[in-house]
Visitor: 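Handing you this structure, nothing more for now.
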Amino acid sequence: MSYQQARWAEPLIFELSKPGRVGWTLPEKPRERINVPKELLREKLELPELSEPEVVRHYTRLSQMNYSVDSGFYPLGSCTMKYNPKVCEELAALEAASYIHPHQAEETVQGALELIYRLERCLAEIAGVARVSLQPSAGAHGEFVAMLVTRAYHKSKRDDKRNQVIVPDSAHGTNPASAAMAGYEVVTVPSNARGRVDLNALKATVSERTAALMLTNPNTLGLFEDQIINIAGVVHDAGGLLFYDGANLNGILGKTRPGDMGFDIVHFNLHKTFATPHGGGGPGAGPVGVQMKLEKFLPVPLVEYDKKRSRYYLDYDRPHSIGKIKGFYGNFGVLVKAYAYLLLMGGEGLNEVTEAAVLNANYIMRKLLGVEGYELKFDASGPCKHEVVFSAEPLKRMTGIGAHFVAKRLLDFGTHAPTYYFPPIVPEALMIEPTESESKEELDRFVDALRTIFEEARSDPDKVCSAPTATAIGRLDEVKASRQPILSWRAYRELAKE
Amino acid sequence: MKKLGLIVNPIAGMGGRVGLKGTDGADTVAKALELGAEPVSPARAVETLRGLKRVGVELQLITYPVEMGEAEASEAGLEARVIGHITSGKTTAEDTKRAAREMLEQGVDLILIAGGDGTMSDVIEAIGTQVPTLGIPTGVKMHSATFANTPQTAGEVAARFLSEGLPLREAEVMDINEEAYRENRLVAKLKGYAWVPYEPVMMQATKEGSTGYELADQKAIARWVVELMERGHIYALGPGTTTRAVAEELGIYDSTLLGVDLIENYKLLARDTNEQQILEVIGKKPMTITVSPIGRQGFILGRGNQQLSPVIIKRVGKGNVWVLATPHKLRATPTLKVDTDDAELDREFRGYIRVITGYRQTCMVKVV
């Protein structure tokens, strides 16, 4: 199947503008007088002037030059780019969910509060924790909140020596960043030859200064940390807490629970595991769950149910809370979609989600092991979980073409690239997470594409190195794009003037 | 137009295949020839030049006569301006040094040097860091960090440096004592530093919290080390650019790059000290030793910093030895080594040690 993405020579909307053209007419006189602060008043707005169909066509064309999970396979490792069921979108768009205002009185939004309350109970059960705050608005935000809870916990015990957070060298980059943001020193522990946390190194690391260990399980190599009970023992014995990074929760749903593994704090990515869309920097949701001893530190407010009055309410009366970490009550629309997804799947369904996700990853692993040019650097003996990390090092050795080029060339096959060069402990890494949404045919096509690229790298390396050619945009000057980003019309115009 | 210098040490690498572990000195060269060694350096230099030609950068190539560059350029189909004179077939280290000096006078932007550690040492001895250099790996011993991974990559990096510009970093030039090396002993000496075009490894660095730029990472380490420093405490800064960054963070710009300096109360207490001088102050105040792994082998103690003798290290204690290394450097040396001439002390260091890798960032690294 050959692939060609739509390619429009689409000007900017400002360049399409024609003076006097209108799409929507404002009333001549405002219906009520509004006092706009002086500094916000403008003589001229300089908005583009277009008709409605022009606007619709412009944005439709732009969207056609985009790529999403709705247009094709998206095996971006550790991001869990699963399909987002449309019914969840429809439910979140219902007026009852989308037209309510956070300033409304509690008694008028009982349904919304009930939804938050019930979603919290579901997540607590899935993770094996006591309570969950749904407020953090992204994964890294959740990690940060977890670190603040960690700090509050040690502080409550008057234990102010604990200033170190341990992260494995396979951890997501956000882990050390979140710990550093919360004021902790970051200590990296190496992985062993099996791609798991090196228990001896961990033992040499923990001390009376250890505040917490941040761990993803299955880890970013897609491998289950099978020493987790011992790891938890080492950290707990030293007086530290265990934080579970929920990025890879899709690999264990219904099979085991972070709480049962000994984790004290758990974070979720609703936009990964619970099928709400990722996108464009949000909105996401990164709820944080904790065991009973940490419950009092969770951010305010939590939603509680008053049995006597049979109504839900927002509880701000929590003196030990780390406080407010987000305006209002989290990204409510995302919460609605996640709750809809949970009801859609049910407990048994979530179990099957993990089974299919793990099966798909193992299918790719076994099939790709037979393809020259790619190899596994760590444990290849057992099954992987929901994702698998291959190394394109053999390919690079043979042809000089590394993972970077493979990823670019894959785009020409109508597939999004896997995460590449991550985790950094795998050279020329290709981190593949198919998710449960994909069919066997799709997985076969993907492995075939990787095989084809290996053959091309040997017979026609220029073809691989000049890819992608079937996409709307080809090779970008990545250095220039990051050094000289032009993110607004105003910046673009000023650059043109120079 | 950019000017590129090219120096080929035609005899570099000849000792390798015949098992001589190096080709330093006229006697060794004679012996290598006797054993039937064939030149390897010229052919590898040609590979680099071919790569450079393929990229098609506009440049003026300046080189030395016959086998020291002229012949290689011609074989790669590159026009070159030839300067200087040599006695073909009998080139020596003096020729390399003279070539480097003359190219410096010509105002070249970069010198490509085909050779090994010995050749690199000769070049920096002659011109120091006045001109950026890049090593084409053609020698037997290449412990210096100035070499590209392969002759082809040397061509690519040179082309990118001349056409787009790349950041420069100081890279260690190591020289191994060949006599000792032949007897299976590794005696590495840090000869100095060269300015080398620096090409960060694709995207890997950023994900780890490394900025991908050696200098920025060194500065981050230095910031934290300075924050950790206490008054009334003496800090012995070992050799290297990472420890020098600590001195610079304190506003000390005349620290010794290759020696051990002592710092007290954020000021330079003594420069380029020897074992005796360190021992004199050690009893009076608590001391911390800061070192950085030297060269590519990952030695933190006993190589290039022998002033920090076993006696000193023992008195300071393992807990007061701070190891500093950028993530980039750690990737090249995933395990660290200690060789202090005191087996018991070496054993004590084995296991895991905490390495400072950034601002408030450490990494547990195995010492083997």
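Below, chain A is the first sequence line, B the second, and so on; all start at residue 1.
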Visitor: Could you check whether atom CZ of B:R54 has more than 12 heavy atoms from other residues, nucleotides or ligands sitting under 6.0 Å from it?
Guide: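 Counting neighbours around CZ of B:R54, 12 or fewer heavy atoms of other residues, nucleotides or ligands fall under 6.0 Å, so no.
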Visitor: Side chains of A:P190 and B:M364: does their closest heavy-atom pair fall under 4.5 Å?
Guide: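 They are in side-chain contact.
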Visitor: Would you say B:E164 has more than 12 foreign heavy atoms packed within less than 6.0 Å of its CD?
Guide: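 It does: B:E164 CD has more than 12 such atoms within range.
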Visitor: Does any backbone or side-chain atom of A:A180 lie under 4.5 Å from a heavy atom of chain B? Answer side chain, backbone, both or neither.
Guide: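 Nothing of A:A180, per the 4.5 Å heavy-atom cut-off to chain B.
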Visitor: Stepwise, does the side chain to side chain contact (heavy atoms under 4.5 Å, CB included) test hold for B:R360 with A:Q164?
Guide: CA-CA 9 Å; B:R360 294 170 70 79; A:Q164 291 178 346; over 6 Å; no
Visitor: Can you tell me which residue pairs pass the salt bridge (charged side-chain N to carboxylate O under 4.0 Å, His left out) test with a partner in residues 400-411 of chain A, sequence neighbours excluded?
Guide: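 Passing the test, one end in residues 400-411 of chain A: A:K408-A:E478, A:R409-A:D412, A:R409-A:E456.
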Visitor: Rounded at 0.5 Å granularity, tell me how far OH in B:Y352 sits from CG in A:N200.
Guide: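 Going from the OH atom of B:Y352 to the CG atom of A:N200 covers 6.0 Å.
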Visitor: Do other residues, nucleotides or ligands put more than 12 heavy atoms under 6.0 Å from B:E344 CD?
Guide: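 Atom CD in B:E344 is not crowded, with 12 or fewer foreign heavy atoms closer than 6.0 Å.
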Visitor: Residues of residues 191-199 of chain A under 4.5 Å from chain B (heavy atom pairs)?
Guide: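 Counting heavy atoms that sit under 4.5 Å from chain B, the residues of residues 191-199 of chain A involved are A:D198.
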Visitor: Can you list the residues that meet the side-chain contact (heavy atoms from CB on, under 4.5 Å) rule with B:T241, with sequence neighbours excluded?
Guide: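 So B:T241 forms a side-chain contact (heavy atoms from CB on, under 4.5 Å) with B:E170, B:Y193, B:Q218, B:R244, B:L257.
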Visitor: Is it the case that over 12 heavy atoms from other parts of the model lie below 6.0 angstrom from the NZ atom of B:K366?
Guide: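 No, because the 6.0 Å sphere around NZ of B:K366 holds 12 heavy atoms or fewer from other groups.
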Visitor: Please enumerate all residues that pass salt bridge (charged side-chain N to carboxylate O under 4.0 Å, His left out) together with B:R223, with sequence neighbours excluded.
Guide: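 For B:R223 the salt bridge (charged side-chain N to carboxylate O under 4.0 Å, His left out) partners, ignoring immediate neighbours, are B:E249.
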Visitor: Quick check on B:K53: does its NZ atom have over 12 non-hydrogen neighbours (other residues, nucleotides or ligands) under 6.0 Å away?
Guide: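 Atom NZ in B:K53 is not packed in, count stays at 12 or less.
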Visitor: To the nearest 0.5 Å, what is the distance between CD (A:E185) and CD1 (B:I356)?
Guide: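 So the gap between those two atoms works out to 8.5 Å.
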